[in-house]
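Keep in mind it's a predicted model, so treat the numbers as computed, not measured. Counting from 1, the numbers follow the sequence of the chain as shown.
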Amino acid sequence: MSVWLTLEEALAAPDLRMAPVRAGVPSPWSEFIRACFSAKRIPFALVDARDADRSLATIKKLTGQDSLPVVFWNDERPRSNWLEQLLLSERISAQPRLLPDDPRQRATVIGLIAELCSEAGLGWHRRVMIIERLLTEPRFNERERGIGKYLAAKYRHSSDTIEKSTRRCEVILASFAALRANAQDYLAGPGLTALDLAWAAFAALIQPLPEQLCPMKPLWRELYTWMPEATPLNAVEPLLAHRDRIYRDWLPLPVDLG
């Protein structure tokens, strides 16, 4: 089990520090950025970003928002945006290169990652679907419904509907299935890029890694699991196999969620 710094300790420390979501939940945003550092073999300290009252008030003062992950590099400003965090990893270590040098190829890779990471992306809309389940399914108790209310107040837009979110997830997954079917060794060419790492992290919202590779609370394993209707299983399976390969070849296993 990893040693975690307190936020106070992290702010006084040098080098690279990362404050991910923890406590048995593989946040795809956290796991993507962790994967960027891990693939480059950049050492980093893990940070428990919550204050003594378990709030994120200090993080909000530092970054203007209260979502994780947040990354700290020496005495530079904290970074809370996935693209800034990815670019920081490229600056710290050039190998392996996670973004192409060619501007068009680079824009394509970043744009496809955004389909997973950004608002209106797969992660956003799968979260809307999870929130809907927590709020509406009778089998969930008050504690679990409270989690749904917290997430809805923090992340759900008034224009988000379960139908819209499901449709958006179906379209994005179909696009990635087509990408995998036409790909070379990796999703964006013959070598690893950040797109492969992003897919590996966000594939948890389709089917998490097995319990022995990624121990999760049963509630979240069930909520994360989703099988699309528009993309056939024989098109989804190669995507999941690609996720498995990226973890096996490039990332530490089992996943340590703190």
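In this structure, L179 is not a member of the same hydrophobic cluster as V171, with clusters built from ILVMFWY side-chain heavy atoms closer than 4.5 Å.
A cation-pi arrangement, defined by a distance under 6.0 Å to the six-membered ring centre and an angle within 45 degrees of its axis, is present between R245 and Y186.
Here the side chains of V109 and L98 are not in contact, with every heavy-atom distance at 4.5 Å or above.
The two residues Y247 and E31 make their nearest non-hydrogen contact at OH-CB, 4.3 Å. The heavy-atom pair separating A49 from L68 by the smallest distance is CB-CD2, 3.8 Å. The two residues L135 and G148 come nearest to each other via the heavy atoms CD2-C, 3.7 Å. Closest non-hydrogen pair, V128 versus T161, comes out as CG1-O, 4.3 Å.
Between the side chains of R180 and H242, a donor-acceptor pair is found at a separation under 3.5 Å. Counting only N and O atoms by type, the side chains of E8 and T6 include no donor and acceptor under 3.5 Å apart.
Of the listed residues (L205, D160, I162, L223), just one forms a side chain to side chain contact (heavy atoms under 4.5 Å, CB included) with M129, and that residue is I162. When each of W29, F176, W82 is checked for a ring pair (Phe, Tyr, Trp, His ring centres under 6.0 Å) with F202, only W29 meets the rule.
Partners of F44 by ring pair (Phe, Tyr, Trp, His ring centres under 6.0 Å), not counting sequence neighbours, listed by chain and number: F37.
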